[in-house]
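The block underneath contains the structure these notes are about, expressed in structure tokens.
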There are 2 protein chains.
Amino acid sequence: MSKTHQYKFPRPALTSDCVIFGFDGGELKLLLIEREKEPFKNRWALPGGFVFLDETTEECAKRILQEKAGLKNVFIEQLYTFSEVDRDPRERIVSVTYYALVDKQHYELIAGRDTLKVEWFALSELPKLAFDHTKIVKLAIQRLKGKISYRPIGFELLNEKFTLSQLQALYEAILEQPIDKRNFRKKILGMGLLKALNEKEKNVAHKAARYYSFDNRAYRELTQKGFHFQI
Amino acid sequence: MSKTHQYKFPRPALTSDCVIFGFDGGELKLLLIEREKEPFKNRWALPGGFVFLDETTEECAKRILQEKAGLKNVFIEQLYTFSEVDRDPRERIVSVTYYALVDKQHYELIAGRDTLKVEWFALSELPKLAFDHTKIVKLAIQRLKGKISYRPIGFELLNEKFTLSQLQALYEAILEQPIDKRNFRKKILGMGLLKALNEKEKNVAHKAARYYSFDNRAYRELTQKGFHFQI
DNA sequence: AAATTTTAGTGTTCTTTTTACACTAAGTAC
DNA sequence: GTACTTAGTGTAAAAAGAACACTAAAATTT
């Protein structure tokens with residue numbers, strides 16, 4: 001990359017912010033960090049940071065997830081780019097935002113390693129957020145709600161093996177509406193995307209449910225044949 | 001905005017590029033401009049330009065549409081942010097892309113006003129594009145194809161008044177599949193989103209079709225009541 | 001060890017939506 | 001006024017979605 005053609009325009013700074021979703025079996029949660037510095041010192045915020053010259057915005061988002069929340073190998077997808085001129089009081093900052101879906105249980109312990117204060121908040125009990133982060137979160141929720149029905153991304157929020165009841169509870173939490181158990185099972189099993197495992201729940205005070213896992217390979221094959229996931 | 005907190009990181013340049021869709025009654029078209037300078041001199045490209053400090057990326061995209069293609073008051077929506085490190089051979093450039101839907105007929109004359117060479121290309125006959133613009137176009141087509149069915153954005157590609165056959169032809173072109181005439185009419189009229197005008201086609205060598213217009217007000221009201229557009 | 005509590009797991013009927021399909025009407029060109 | 005072309009219309013069959021209630025199995029309590 002030669003410097004000879006460098007553009008002279010003053011440039012907005014470029015950051016990446018992440019909306020991190022988790023699911024605890026009953027409710028959707030968001031991972032937030034507490035800001036240590038001004039502006040918005042001590043306010044909760046989305047983890048974010050500046051995009052370096054040698055990384056894509058997605059790589060940046062993944063780096064931030066790792067550095068600020070201890071999350072690794074996580075599903076992320078671009079959400080939207082926010083560019084309001086006054087979104088940061090210090091200077092012009094454009095943010096390419098991502099949303100991440102993580103298996104909360106799997107990461108709970110790792111999340112504390114960094115020195116920052118990191119906490120899960122129920123969507124219904126979000127604190128006031130720094131910058132325009134509330135707006136970003138709202139869009140992320142809307143996107144997740146829209147996408148969960150026609151793309152099999154919900155599995156990213158669950159353990160690799162899960163029961164059908166857990167899966168249903170997840171859909172009910174995200175869509176914010178009850179789903180008929182029999183119809184749900186009929187539909188999801190009818191797609192042929194779930195592998196029934198020879199394993200059941202243990203130490204539950206009721207009939208133990210069978211575990212299933214998402215069959216990624218089958219999904220790819222079906223998709224090629226024109227199949228469309230739809231809950 | 002004080003300069004005291006300015007970040008020292010070297011910054012990617014930020015641009016905005018626009019994928020402009022038009023419809024000529026039979027086929028989807030794309031508006032491209034020919035590059036006057038290196039790199040990719042004389043190659044066709046998406047209109048684009050640098051984001052200034054005092055404008056959002058969306059305002060930038062609208063400015064570019066106006067400056068480079070003579071388009072004004074156009075429907076645009078953010079597509080995706082492309083940030084591959086090597087997408088421009090000169091230096092690191094991140095591009096926030098938009099797609100625009102325009103009534104091609106309405107703008108045909110104005111488009112030539114700028115000094116740049118500007119031309120409509122059928123999607124099936126796109127030339128080799130500069131930079132990663134082919135990738136951007138592919139994503140835009142995919143997005144349009146996905147969105148046209150559940151958001152009433154197709155009307156942006158038609159004149160304010162249109163016949164049902166024109167509307168159907170548009171859907172068939174975008175979805176790349178034939179649609180049954182009677183079922184299409186039943187569905188679209190059943191939504192109550194079209195105002196039947198007291199006006200018919202003129203100078204056509206066959207039965208003249210009635211004109212309709214999209215009823216934006218009805219759409220907003222229905223949407224509030226939980227209605228979901230769906231073709 | 002019997003009874004209680006709790007969630008897992010299963011089919012059928014009715015309703016709604018989607019699909020498939022063919023003829024008459026109205027305008028212009030010749 | 002005949003030919004040509006596209007507009008405009010309804011019904012029946014198939015598929016998908018919605019509504020609904022009981023038995024099975026595990027741990028806990030009595």
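Just so you know, these numbers come straight off a predicted model, no measurement behind them. All chains are named by letter (A, B, ...) in the order of the sequence lines, taking the proteins before the strands, and each is independently numbered beginning at 1.
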Quiz item: A:Asn203 side-chain donor-acceptor pair to D:dA26 base, under 3.5 Å: no

Sugar-phosphate only, base, or nothing, as touched by A:Thr163 at under 4.0 Å among non-hydrogen atoms: nothing

Donor/acceptor link under 3.5 angstrom from A:Lys181 side chain onto base of C:dG9: yes

B:Lys207, nearest nucleotide to its side chain (from C:dA25, C:dA8, D:dA19): C:dA25

Side chain of B:Ala205 (C-beta onward), nearest among C:dT19, C:dT28, D:dA27: C:dT28

Euclidean distance, atom CG of residue B:Asp180 to atom C1' of D:dT11 [Å, nearest integer]: 13 Å

Under 4.0 angstrom between B:Ser165 side-chain N/O and D:dT6 OP1 or OP2: no

Greater than 12 external heavy atoms within 6.0 Å of B:Glu172's CD: yes

Atom pair distance, as rounded to whole Å: CD in B:Gln168 and C1' in D:dA7: 11 Å

Between B:Tyr80 and A:Thr81: side-chain donor-acceptor atoms closer than 3.5 Å: no

Upstream residue (5' side of DNA chain D) when B:Ala208 and A:Glu201 are each assigned their closest nucleotide: B:Ala208

Base C:dT12 to side chain A:Lys186, donor-acceptor N/O within 3.5 Å cut-off: yes

Donor-acceptor pair under 3.5 Å, A:Arg182 side chain vs D:dA21 base: yes

For atom CZ of A:Phe184 and atom C1' of D:dA16, their distance in whole Å: 17 Å

B:Ile179 CD1 - C:dA20 P separation (whole Å): 13 Å

With A:Glu77, the salt bridge (Lys or Arg N to Asp or Glu O under 4.0 Å) member among A:Lys62, A:Arg143, A:Lys147: A:Lys147

Between C1' of C:dT10 and CZ of A:Arg210, the distance in whole Å: 14 Å

Ion pair check, B:Arg43 and B:Glu34, cut-off under 4.0 Å: no

Check: B:Ser124/B:Glu27 side-chain N/O donor and acceptor closer than 3.5 Å: yes

Interatomic distance where NE2 belongs to A:His206 and P belongs to C:dA3 [whole Å]: 23 Å

Rounded distance in Å - CG (B:Leu189) to P (D:dT9): 8 Å

Nearest-nucleotide 5' precedence on DNA chain D, A:Asn183 against A:Lys200: A:Asn183

Presence of A:Arg185 side-chain N/O under 4.0 Å of C:dG9 phosphate oxygens OP1/OP2: yes

A:Ile188 CD1 - D:dA16 P separation (whole Å): 16 Å

